[in-house]
4 protein chains.
Amino acid sequence: MGEVTERAENAVRQLVGEQLAPGDRLPSERTLVDDLGVSRTTVRLVLLKLSAEGLVRAEHGRGYFVSERPG
Amino acid sequence: MGEVTERAENAVRQLVGEQLAPGDRLPSERTLVDDLGVSRTTVRLVLLKLSAEGLVRAEHGRGYFVSERPG
Amino acid sequence: MGEVTERAENAVRQLVGEQLAPGDRLPSERTLVDDLGVSRTTVRLVLLKLSAEGLVRAEHGRGYFVSERPG
Amino acid sequence: MGEVTERAENAVRQLVGEQLAPGDRLPSERTLVDDLGVSRTTVRLVLLKLSAEGLVRAEHGRGYFVSERPG
DNA sequence: GTGGTCTAGACCACT
DNA sequence: GTGGTCTAGACCACA
């Protein structure tokens, strides 16, 4: 995993862990693209990783949400 | 066609083929939204497809009805 | 215009004149149906009248909004 | 088909017929949203119709292209 | 109170 | 950064 992706991942992890509560919706993919200054591919790579960890959960057409049971 | 739409399509096909008779009225779009747990857009996509096939026919202000000649 | 429609009209007029500001969105047609306890036909009749007066303006798919220049 | 969609359809037809040549790429759906002032749903409805007619062809991840054989 | 049209914006699959 | 799928919910036309 490259340097850019790693920085994006840490930014999203921090957002989820420190600024959001379980059940909260994350910023949209396109908002994260703008805010983090990375490509949509990179954003999705990060979100897919966090989804696999169970930290967040995607709902088609609605958004990403912070999981109730992290892990 | 996506996974969600496909499941909804199968549910409506089964309803039309097994529980309703020619001339019967289908549940309203909004009822199907509740019963199938999908958006109205997805419900309409399915009903439009079945209409194009001639399985059902829409009547503005009245509802959807099972066709007399399926096919 | 019947008694029921008149009561509904007065309720919406009061809402627009006293509780909302120019540019604000009105409650949706279906919300007004529930809140006023009248049919959709009655609600639309009232909103059409207020639109004709220039008090409110409809935007398809978005809602009704209080006009900037009432009248 | 509604009034808004019809206007959008005519605009795209004119673009395809008068300003683009076979093989040319159309503006992206999101660009058309901005240019035509309608929602992406409406844009897609128009493009789906023109695709069904064979006037244009969609390529996933690449864009819409003017067909070689219009019709 | 139904089907028809339209808005706004999300995630997904792909290049 | 495109097209593809899906959500949510608004007003419109009709019965």
Side-chain angles (χ1 to χ4, degrees), chain A residues 25-33 38-44 47-48 51 56-65, chain B residues 1-8 25-33 36-48 51 56-65, chain C residues 25-33 38-44 47-48 51 56-65, chain D residues 1-8 25-33 36-48 51 56-65:
Chain A
R25 206 186 73 185
L26 274 71
S28 75
E29 293 180 345
R30 274 174 170 82
T31 301
L32 289 172
V33 164
V38 297
S39 72
R40 278 177 46 69
T41 304
T42 300
V43 166
R44 280 188 56 76
L47 290 172
L48 241 46
S51 297
V56 303
R57 141 187 59 84
E59 295 192 20
H60 198 167
R62 304 208 332 118
Y64 280 87
F65 297 83
Chain B
M1 191 157 288
E3 199 181 311
V4 171
T5 304
E6 200 164 349
R7 268 199 297 268
R25 206 186 76 182
L26 276 70
S28 75
E29 293 180 345
R30 285 164 177 91
T31 299
L32 288 172
V33 163
L36 304 180
V38 298
S39 71
R40 194 173 160 213
T41 303
T42 299
V43 165
R44 279 184 60 77
L45 212 151
V46 168
L47 290 172
L48 240 49
S51 298
V56 302
R57 127 191 127 271
E59 296 191 17
H60 194 174
R62 305 213 325 119
Y64 286 87
F65 298 83
Chain C
R25 207 187 72 183
L26 274 71
S28 76
E29 294 180 345
R30 276 175 169 81
T31 300
L32 289 172
V33 165
V38 297
S39 72
R40 275 176 49 69
T41 303
T42 300
V43 165
R44 279 186 59 74
L47 290 171
L48 240 46
S51 297
V56 303
R57 142 186 59 84
E59 296 191 18
H60 198 167
R62 304 209 330 121
Y64 281 88
F65 297 83
Chain D
M1 194 158 286
E3 200 180 307
V4 171
T5 305
E6 201 163 348
R7 267 200 298 269
R25 205 186 79 181
L26 275 71
S28 76
E29 293 181 347
R30 284 163 179 91
T31 299
L32 289 171
V33 164
L36 304 178
V38 297
S39 71
R40 195 175 160 211
T41 303
T42 299
V43 166
R44 280 184 60 77
L45 212 152
V46 169
L47 291 172
L48 239 48
S51 297
V56 303
R57 126 189 130 271
E59 298 192 15
H60 195 175
R62 307 214 321 121
Y64 285 85
F65 298 83

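Letters A, B, ... mirror the listed sequences (proteins, then strands); counts begin at 1.
Contact annotation: B:Thr42 does not reach the phosphate of F:dT5 (side-chain N/O to OP1 or OP2, under 4.0 Å).
Protein atom CG of D:Leu45 is 14 Å distant from nucleotide atom P of F:dT5, rounded to whole Å. We find that CG of A:Leu32 is positioned 17 Å from P of F:dG1, with the value rounded to whole Å. Atom CZ of B:Arg7 and atom C1' of F:dT5 are 13 Å apart (whole Å).
Scanning both residues, B:Val33 and B:Ser39, for their nearest heavy atoms gives CG2-C, 3.9 Å. The two atoms that bring D:Leu45 and D:Met1 nearest to each other are CD2-CE, 3.4 Å, heavy atoms only. Across all their heavy atoms, D:Leu26 and D:Phe65 have their closest contact at CD1-C, 4.0 Å.
Between D:Leu47 and D:Leu32 there is a side-chain heavy-atom pair separated by less than 4.5 Å.
Within the nucleic acid shown, A:Val33 has no heavy atom closer than 4.0 Å to any nucleic acid atom.
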Determine which bases of DNA chain E form Watson-Crick or G-U wobble pairs with both distances under 3.5 Å, and write the result as a 5' to 3' dot-bracket string with | for other-strand partners.
||||||||||||||.
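For B:Glu59, the salt bridge (Lys or Arg N to Asp or Glu O under 4.0 Å) partners are B:Arg57, B:Arg62, not counting sequence neighbours.
Note: B:Glu29 CD to B:Leu36 CG = 12.0 Å, rounded to the nearest 0.5 Å. For the atom pair A:His60 NE2 and B:Glu3 CD, the distance stands at 10.5 Å (nearest 0.5 Å).
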Annotated protein contacts, base or backbone, on nucleotides 9-15 of chain E with a non-hydrogen cut-off under 4.0 Å, one of B, S, - each
BBBBBBS
